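What you are looking at is a predicted structure, and each value in this text was computed from that prediction instead of being measured. Just so it is clear: chains get the letters A, B, ... in the order the sequence lines come, proteins before strands, and each one is counted from 1.
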There are 2 protein chains.
Amino acid sequence: MTSSDLTWDLFRSFLAVLREGSLSGAARALGMTQPSLGRHVRELEASLGVPLFSRASHGLVPTDAALELQPHAEAMASAAASALRAASGAKDELRGVVRITASEVNGVEVLPPILAAMHRRSPGIVFELSTTNRTENLLRRDADIAVRSSPPDQDALVARKVCVIPIGLYAHADYLAAAGRPKTLADLTRHTLIGYDEETPYIRATRPAGMPYQREFFSLRTDNDLAGLAAIRAGFGIGACQVPLGRRAGLVRLLPKSVDIALPIWVVMHEDQRTSLRIRTVFDHLVEGLAAYGGSRTSPKLLTSGA
Amino acid sequence: MTSSDLTWDLFRSFLAVLREGSLSGAARALGMTQPSLGRHVRELEASLGVPLFSRASHGLVPTDAALELQPHAEAMASAAASALRAASGAKDELRGVVRITASEVNGVEVLPPILAAMHRRSPGIVFELSTTNRTENLLRRDADIAVRSSPPDQDALVARKVCVIPIGLYAHADYLAAAGRPKTLADLTRHTLIGYDEETPYIRATRPAGMPYQREFFSLRTDNDLAGLAAIRAGFGIGACQVPLGRRAGLVRLLPKSVDIALPIWVVMHEDQRTSLRIRTVFDHLVEGLAAYGGSRTSPKLLTSGA
DNA sequence: TGGAAGTCATACAAAAATGTATATCACACC
DNA sequence: GGTGTGATATACATTTTTGTATGACTTCCA
C-alpha cells in the first residue's frame with residue numbers, strides 16, 4: 001500500500017542537486033555537506049536502478065531519467081511547503097502564512113492596498129505574494145490562493161468570479177496636449193501606441209471590433225503590463241490599462257464607447273484548504289476587496305456565507 | 001527558497017501514524033519501530049509548534065491541525081509513488097509500471113482485453129488498475145492515466161475523447177419469454193426495471209425524452225453498474241448497459257430507437273508524463289483500443305502522431 | 001474480577017548517517 | 001603556462017538515529 005521503503009529525503013536531496021546543478025551547491029542550499037548529498041544520490045540511483053546523473057568535474061549532469069523524475073519531486077516539494085504553511089497557523093486562529101499568486105499588475109497595483117487593509121484587521125497573517133504572469137500551479141500547491149483572469153477549470157478548486165474589470169484606452173494629458181485627442185478608432189493610426197509584444201489567445205479574443213491593430217502599429221511593444229502602464233503615465237503615448245488604475249493615476253480615458261474590453265477576475269483556492277480559517281478569511285477578504293476595486297454592484301459570494 | 005530544514009521523512013511518518021491510527025501500526029506499515037515513529041511525531045510537533053495528536057492508550061487521536069495537514073502529506077505520498085513508477089521504466093524502453101484508473105464497468109468489462117493485447121505486445125509493462133467510480137485525482141498523481149466519461153477540465157492534463165459508447169436497454173431472452181417484450185416506452189411501466197440508486201447530474205442530463213422514470217419505478221436499485229449488468233444477465237428484468245457489453249453478453253436490445261444515450265470516453269494523462277515513452281505508449285494503446293471498442297469510425301488522435 | 005492483548009513511554013546498546021579533512025581533477029583567467 | 005577556484009571522491013571520527021528490552025497503562029472479554 002505505502003510506497004516502497006524509499007526515504008522521502010532522497011527525493012529532497014535529488015531535487016536540490018537537480019536545481020543547483022552540483023552536490024556542493026545542493027549541500028549549501030540544504031545546509032548539509034557535499035559527501036552526504038553524494039551518498040544520497042548514489043543511494044537513490046541504487047534503489048531505483050537508474051543512473052540519475054553523469055558525474056562531471058564541474059557538476060552533475062542530469063540524465064533523461066532524472067529529468068523525467070523531476071516534476072514528481074517538485075510536486076513533493078510543493079506539497080511539503082504547503083504543509084508548512086498549513087501548520088503555520090493554528091486551526092482556530094487568524095495567524096500563519098498565506099501564499100498568494102497574481103499577475104504582475106494585480107500584484108503590484110491592485111493587491112497591496114487590499115492586503116494592507118487585511119493586515120490591519122488581522123495582523124497575525126503573513127502574506128507571501130508571488131507575482132507572475134504565467135498561471136501558477138495551484139494543482140501543485142505552489143500557492144494557497146490565486147487571483148486570475150481566467151476561470152480555473154478544476155474540480156478540486158474553489159473559485160469565485162468576483163468582478164469584471166473594465167479595460168480602457170488611456171493617455172497622459174501632456175501627450176494629448178502635444179499630439180491631439182483621437183475622436184475615432186481610425187484616428188489611432190496617427191498616434192503613438194503602446195501595446196503587447198506577443199499575441200496571446202486572450203488578446204486575440206478580446207480585440208474590439210473595428211480595432212484591427214496588430215503589434216506592427218505599436219511604437220512600444222511590451223508584455224510587461226507594468227512597463228506599459230508606466231509608459232502611459234510618462235506620456236509616451238496611448239495604451240490600454242484597467243479603468244480603475246487609469247482613473248487613479250489621473251490619466252485621460254479615450255474613446256470609452258468604442259473600446260469596451262472586460263477582464264474577469266477570479267479568486268481561486270484549493271478545496272482542501274476550505275477548513276483552514278486563515279485561508280478562508282484571506283479568500284473572503286480578497287473577494288470583497290477585489291469586488292470593491294472592480295466596482296461590482298452585486299454583493300460577492302463568500303465562503304463563510306456559503307458554508 | 002527551499003522549504004525549511006524539515007526532513008520530508010517526518011511527513012512520511014506522520015502520514016503513516018495518521019492512516020494507521022497508532023505508532024505501533026505505523027511502525028508495522030513502514031517497517032520501522034514504534035519508538036522511532038514516536039520520536040518522529042514529537043519532532044514534527046516541535047518543529048511546527050503545533051500538537052498533532054492527543055496520546056491515548058489505545059492509539060493516537062489526531063488534532064484538528066493534523067487533519068488540516070493530512071491532504072498535503074497525502075499529496076507528498078502520491079507524488080513519491082508517482083516518482084517511483086516513473087523510475088520503474090528506463091526512458092527509452094517499453095517497461096515499467098503504469099497505473100490506470102477507470103470506472104468499475106470499464107475496469108472489469110472493457111479494459112482487460114485491451115490491456116491483455118497491450119501486454120502481449122509489450123510484456124515489459126506492468127499495469128496497476130485502480131477501479132473506482134469516483135473520479136480519482138490525477139492532480140495528485142494517484143494514477144498515471146485515467147479513463148473517464150467526463151472531460152477533464154484541467155490545464156495540466158492531456159486528454160483525448162476517444163469514442164462515444166452507446167447505452168441501450170437490454171434484457172435476457174428468458175425474461176422476455178416470460179414477461180413479454182415492450183413495444184413502447186410506456187410499456188416499460190408494466191416491466192421489472194433495473195436502475196440507479198442515487199440520481200447523479202449525469203443521469204439527470206441524459207434521461208431520454210419521454211422516459212420520466214425515476215428510481216421509484218425500479219425493482220432493483222443499485223449504483224454498482226456491475227451488479228446491474230449481472231442482474232440483467234440473470235434475467236431479473238430490463239436495464240441499461242453499454243451496447244457493446246449487451247451485445248457481447250448475448251442480451252436482447254429493446255426499443256433501440258427510443259433510447260439513445262451516449263457515454264463519452266476520455267483518456268487522460270498528466271502533461272508531465274508526455275516525455276515518458278511507456279506512458280505515452282499505454283495512452284495511445286488505450287485510445288486505439290477504446291476507439292475500436294466504442295466503434296468509432298474516425299481514426300483516433302494519438303500522442304505520437306501529434307507530437 | 002482477572003487475564004490477555006493492545007497501546008505509549010523510557011533507558012540503553014547498536015547501527016547508520018553525518019561531518020571533517022584531504023586528495024584529485026577540470027576549467028577559467030591572468 | 002601557472003595559479004586559483006570549484007567540483008567530486010574517499011577515509012575516518014563523531015554525532016545522530018534507530019532498534020531492543022522493559023515497564024506502566026487501558027481496553028476488552030471471559
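Atom pair B/R28:CZ and C/dC8:P shows a separation of 9 Å (rounding to whole Å applied). Atom C1' of nucleotide D/dT17 and atom CG of B/L10 are separated by 12 Å, given to the nearest angstrom. In this entry the distance linking CG of B/L23 with C1' of D/dG19 reads 15 Å, nearest Å. Rounding to whole angstrom units, CG of residue A/D9 and P of D/dT16 are separated by 16 Å. Residue A/R12 contributes atom CZ, which lies 11 Å from atom P of C/dT18 at whole-angstrom precision. The interatomic distance linking A/M32 (CE) with D/dT8 (P) rounds to 14 Å, in whole Å. Atom pair B/F53:CZ and C/dA9:C1' shows a separation of 17 Å (rounding to whole Å applied).
Judged as a salt bridge (charged side-chain N to carboxylate O under 4.0 Å, His left out), not a single pair has a partner in residues 28-43 of chain B (not counting sequence neighbours). Applying the salt bridge (charged side-chain N to carboxylate O under 4.0 Å, His left out) definition to pairs two or more places apart or across chains, those involving residues 72-85 of chain A are A/R19-A/E74, A/R85-A/D144.
With sequence neighbours left out, the side-chain hydrogen bond (donor to acceptor under 3.5 Å, both in side chains) criterion links A/D272 to A/R141, B/R140. For A/F236, there are no ring pair (Phe, Tyr, Trp, His ring centres under 6.0 Å) partners, not counting sequence neighbours. For B/F14, the ring pair (Phe, Tyr, Trp, His ring centres under 6.0 Å) criterion is met by B/F53, not counting sequence neighbours. With sequence neighbours excluded, no residue satisfies side-chain hydrogen bond (donor to acceptor under 3.5 Å, both in side chains) with B/S22. Remark: B/E128 engages B/R99 in a salt bridge (charged side-chain N to carboxylate O under 4.0 Å, His left out) (not counting sequence neighbours).
Looking at heavy-atom distances under 4.0 Å, A/S24 makes contact with a base.
Over its length, the helix from C/dT1-D/dA30 to C/dC30-D/dG1 turns its helix axis by 30°, as judged from the five terminal pairs at each end, rounded to 10°.
The closest side-chain donor-acceptor pair between A/D284 and A/T281, if any, does not fall under 3.5 angstrom.
Contact check of residues 35-49 of chain A against DNA chain C (heavy atom, cut-off under 4.0 Å) returns A/P35, A/S36, A/R39, A/H40.
Not a single donor-acceptor pair, N or O on each side, falls under 3.5 Å between the base of D/dA7 and the side chain of A/Q34.
One finds a side-chain N or O of B/S22 lying less than 4.0 angstrom from the OP1 or OP2 phosphate oxygen of C/dT7.
Here the OG atom belonging to A/S36 is positioned 5.0 Å from the CE atom belonging to A/M32, to the nearest 0.5 angstrom.
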